[in-house]
Amino acid sequence: MSNAKGALVLFSGGQDSTTCAAWALEHYDRVETIGFDYGQRHAIELTVRPAVLQSLRRISPEWDARLGEDHMVDLGLLGKISDTSLTRDVEITMQANGLPNSFVPGRNLLFMMVAATLAYRRGLDVLVGGMCETDYSGYPDCRNDTMVSLEQTLRLGMATALSIQTPLMWLDKAATWDLAQQLGGDALVECVRTETHTCYLGERGALHDWGYGCGHCPACELRARGYQAFRKSA
Ligand code: ZN
């Protein structure tokens, strides 16, 4: 168990942030969660959050005791000032700069900064995020260099010993499923599979072996491919 005062997990209700929440619950005595409403096209991610948190409580009495408040923050500003397929009803396509138009410039920077402000007030000194540059869409604000630099900036700008932890940074999607298995066994894998939401299109009709989703958007493809690789290696 870490000596930190406590952790604030950036928690969207998706596979990655749910695995990060479980990771934090294994490592810190006190864990709180923060979610952001920024005018996402599909609010499903936000509506699955409370159910996922309840499931985490049921998986382990220790986790239940450590898990504290969940905070929802309205960042509608982000939807107003950016033009992306996550906030507008347009098809997901690749842009000339090699990034899909689901990229919301600066999103993770803003999320981390707002989380740092809340953590300061709540007396928490670790921010946990599911950023990953192994199996990802190339978003520059998911890169390790960005997070290391941002941690420095937040420490300087807030005069705190805040740290940013990104337990998924060097894992591919199969390894992320495997981490869930190690942290919370079959119960956590089942929670991630059936309760979390990753699909960019907000599709939640049919339950596939890897979970709910349209099956063909970049987020579904990554999740499905990772699940199959995880099952093969299990
Ligand atoms: Zn999808």
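All heavy atoms count here, side chains included; hydrogens, waters and symmetry mates do not. Heads up: numbering here begins at 1 and tracks the sequence. Indexing begins at 1, ligand by ligand and atom by atom, following the structure's order.
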*What orientation do Tyr28 and Trp23 show, parallel under 30°, tilted 30 to 60°, or perpendicular over 60°?*
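Correct class here is perpendicular.
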*Just say parallel, tilted or perpendicular for the rings of Tyr227 and Trp177, cut-offs at 30° and 60°.*
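Tyr227 vs Trp177 ring planes: perpendicular.
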*Grab the two heavy atoms, one from Gln15 and one from Thr176, that are nearest each other, plus how far apart they are.*
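Answer, listing the atom of Gln15 first, then Thr176: NE2-CG2, 4.1 Å.
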_Checking Glu133 against Trp170: is there a side-chain donor and acceptor pair closer than 3.5 Å?_
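Their side chains do not contain a donor-acceptor pair, so the 3.5 Å distance test is not met.
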*More than 12 non-hydrogen atoms from neighbouring residues, nucleotides or ligands closer than 6.0 Å to CG on Asp209, yes or no?*
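Result for CG/Asp209: enclosed.
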_Considering the Zn ion (ligand 1), could you give the total of protein N/O/S atoms lying closer than 2.8 Å?_
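With waters ignored, the protein N/O/S count below 2.8 Å is 4.
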_Does anything in residues 187-196 form a side-chain hydrogen bond (donor to acceptor under 3.5 Å, both in side chains)? List the pairs, not counting sequence neighbours._
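Found Ser55-Glu195, Glu190-Arg193, Thr196-Arg223.
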